[in-house]
Amino acid sequence: MTVAGRGPRRGRALSKLGVIQDGAVLVRDGAIAAVGTTAKLEKLAAARKAEKIDVGGRVILPGFVDSHTHLIHAASRAEEYELKIQGASYEEIAQKGGGILNSVKKLRAATSQELKRRASAALEVFAAHGTTTIEAKSGYGLDVASELKILSLHKQLGAEQPIEIVSTFLGAHVVPMEFRAKADGAEEYVKLLTDWLIPEVASNGLAEYCDVFCDRGAFSRAQAKRVLAAGLDYRLVPRLHAEQLTRTGATQLAVELGAASCDHLEQVNAGDMRALAKSNTVATLLPGCDFHLGLKQYAPARKLIEAGAIVALATDYNPGTSPTLSMPMILSLACTQLRMTPAEAIVAATYNAAYSLGRHRRVGSIEVGKQADLAVFEVEDWREIPYYFGVNTCWLTLKSGSVIYAAV
Ligand SMILES: [Zn+2]
């Protein structure tokens, strides 16, 4: 499946996979040199000298682009998982110092080395599920030193292992504990972000994007606007956690600011969907989150697609609400819970996700000139990728033409 085509996919174009039966890909110097039927490619002079990988009737697609992850964190929150199953809500746990603040406490106590070891292991699991590019957000540090520590790790890991890491500054995840006791604590923290951390992050080239968790218990729309505007002053492109637990109007703000992506969207209304449809802001859906929290209300994917919004899918890999690294599992949830077709889910998890990261000219489809980021699945029919859930059918993953995962 090439997922070839121009520009972000909306509406019907979201299901165009570009299937080539008995296809082949010719790779040269890490880039795609030719793509077509095996019969056609075997006639090329360059193909005769090439090293061959026989994928034996399996399915090849572009490596997944996971456009929303919280890669760097110190530990799982399995203890809260149990409490949630017994009836405590996500917000009740957060009010008792659990939730994001629990992860913040653990991250601040962890060494850079410990965090790196955990993230490195996670990156191998991403590769084992066919993912070749990820976005990674800071946001479990929430003080100057810890946030810079996380962002520096994005940079180091990006340089030392094959998966490309796109770095996002999420200093505005929640208000940290030490600011909560003060009357104007939240405002003071926003000022720390806009006047100190954002300039520091941008001047050291530690992030491309700036994100805010705009929701009840996190940041208001007005605060989000100040943080994202400060980011824009330093050329950090906005992304937003929007309308997850409550509707705050964050989607309209994202569109107004020309955000690259607006993520979650469980609580969007018709006006929000119209605004997204008219914009180039990607609607990134994270069904893993609703699944893990046992919530019934998923984002209205069908309405978003029909309205004409650019829909993408991501894992939201994080220890509190979506502890999965598997894009195939997200595709399964997109099909059964969001009622997206397997074809729509695949395009949303490759090309449209790449578009949300500004990398659609380089990754997200199998086209001549693009980076040879490929995933091969041990299935006979591409629909079986989401069909088999909870098992991993990824057979081979290549990044820039090099094998980074092989099942056998
Ligand atoms: Zn998130």
Side-chain angles (χ1 to χ4, degrees), residues 1-20 23-36 60-69 126-127 130-136 154-155 158-159 162-168 205 207-211 232 235-239 254-255 257-263 276 279-284 308-314 327 343-375 397-402 404:
M1 292 174 293
T2 62
V3 195
R6 273 208 190 160
R9 311 298 147 75
R10 303 174 190 257
R12 282 197 192 150
L14 189 63
S15 41
K16 289 198 179 122
L17 285 173
V19 176
I20 301 174
V25 185
L26 180 67
V27 176
R28 189 173 192 166
D29 298 330
I32 296 161
V35 53
I60 310 186
L61 67 154
F64 291 122
V65 177
D66 194 346
S67 54
H68 184 139
T69 87
F126 275 116
T131 298
T132 47
T133 300
I134 68 161
E135 182 259 14
H154 291 165
K155 210 171 187 174
I163 292 183
E164 180 172 2
I165 299 172
V166 181
S167 183
T168 296
E208 281 179 52
Y209 294 95
C210 184
D211 197 341
L232 275 168
R235 296 186 179 197
L236 298 179
V237 179
R239 311 184 81 80
V255 170
L257 295 176
S261 182
C262 189
D263 304 28
L276 279 169
S279 77
N280 288 325
T281 299
V282 176
T284 301
I310 307 164
V311 171
L313 289 165
M327 280 304 273
E344 288 172 336
I346 288 168
V347 179
T350 53
Y351 194 96
N352 278 3
Y355 178 81
S356 92
L357 297 177
R359 277 155 173 79
H360 54 294
R361 288 187 187 86
R362 188 150 52 81
V363 300
S365 61
I366 305 178
E367 294 180 88
V368 172
K370 278 192 156 180
Q371 208 165 287
D373 290 6
L374 309 168
T397 311
L398 291 101
K399 179 71 181 178
S400 296
S402 300
I404 61 167

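Basis for what follows: all heavy atoms, side chains included, without hydrogens, waters or symmetry-related copies. Residue numbers run from 1 in the order of the sequence given.
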- Query: Taking only residues two or more places apart in sequence or in another chain, which ones pass ring-ring contact (aromatic ring centres under 6.0 Å, His included) with F126?
  - Reply: Y317

- Task: With rounding to the nearest 0.5 Å, note down the distance linking NZ in K370 to CD1 in I32.
- Result: 8.0 Å

- Query: Can you name the one residue among L61, I20, T350 that meets side-chain contact (heavy atoms from CB on, under 4.5 Å) with M1?
  - Reply: L61

- To the nearest 0.5 Å, atom CZ of R239 lies from atom CG of L357 at 5.0 Å

- Could you pull out all residues at least two apart from K16 that satisfy side chain to side chain contact (heavy atoms under 4.5 Å, CB included)? none

- Query: For A34, which residues count as a side chain to side chain contact (heavy atoms under 4.5 Å, CB included) partner, sequence neighbours excluded?
  - Reply: L26, L41, L44

- Task: With rounding to the nearest 0.5 Å, note down the distance linking CG in D211 to OG1 in T168.
- Result: 6.5 Å

- What closest approach, in Å, do V27 and G401 show between heavy atoms, and which atom pair accounts for it? CG1-CA, 3.9 Å

- Of the non-hydrogen atoms in A348 and L14, which two are nearest, and what is the gap between them? N-CD1, 4.1 Å

- N/O donor-acceptor pair under 3.5 Å between Y351 side chain and G7 backbone: yes

- To the nearest 0.5 Å, what is the distance between CD1 (I346) and CE (M327)? 10.5 Å

- Message: Testing the basics here: between Y209 and A260, what is the closest heavy-atom pair and its distance to 0.1 Å?
- Response: CE2-CB, 3.7 Å

- Query: Got C262 and V282 here, is their nearest side-chain heavy-atom distance under 4.5 Å?
  - Reply: no

- Task: Return the minimal non-hydrogen interatomic distance between S400 and Q371, and the atom names on each side.
- Result: OG-CG, 3.3 Å

- Query: salt bridge (Lys or Arg N to Asp or Glu O under 4.0 Å): which pairs involve residues 351-362, sequence neighbours left out?
  - Reply: E164-R359, E164-R362, E208-R359

- Query: For I60, what residues pass the side chain to side chain contact (heavy atoms under 4.5 Å, CB included) criterion, not counting sequence neighbours?
  - Reply: V55, I366, L374, V376

- Task: Taking the side chain as every heavy atom from C-beta outward, state whether V363 and P62 have any pair of such atoms under 4.5 Å apart.
- Result: no

- Task: Output all residues satisfying side-chain hydrogen bond (donor to acceptor under 3.5 Å, both in side chains) with D66, sequence neighbours left out; order by chain, then residue number.
- Result: T315

- Message: Run T133 and K399 through side chain to side chain contact (heavy atoms under 4.5 Å, CB included) and show every step you take.
- Response: CA-CA 9 Å; T133 300; K399 179 71 181 178; 3.3 Å; yes

- Query: Out of curiosity, S356 OG to L313 CG, how far, rounded to the nearest 0.5 Å?
  - Reply: 11.0 Å

- Message: Just to verify, what does S67 make a side-chain hydrogen bond (donor to acceptor under 3.5 Å, both in side chains) with, not counting sequence neighbours?
- Response: none

- Quick check: does any side chain N or O of E135 sit under 3.5 Å from a backbone N or O of I165, one acting as donor and the other as acceptor? no

- Query: Is the shortest heavy-atom distance from the side chain of N280 to the side chain of Y355 under 4.5 Å?
  - Reply: yes

- Message: Restricting to side chain to side chain contact (heavy atoms under 4.5 Å, CB included), what partner residues turn up for V368, sequence neighbours left out?
- Response: V35

- Residues passing the side-chain hydrogen bond (donor to acceptor under 3.5 Å, both in side chains) test with S167, sequence neighbours excluded, are H154

- Message: Just verifying a value: how many Å separate I310 CD1 and T281 OG1, rounded to the nearest 0.5 Å?
- Response: 7.5 Å

- Message: Restricting to side-chain hydrogen bond (donor to acceptor under 3.5 Å, both in side chains), what partner residues turn up for S261, sequence neighbours left out?
- Response: D263, T284

- Query: With no hydrogens and no angle check, is any side-chain donor or acceptor of S365 less than 3.5 Å from a backbone partner on E367?
  - Reply: no

- Of all heavy-atom pairs between A283 and L276, which one has the smallest distance, and what is that distance? CB-CD1, 4.1 Å

- Item | Over all atoms of both residues, closest heavy-atom pair of R9 and G5 | NH2-O, 2.7 Å

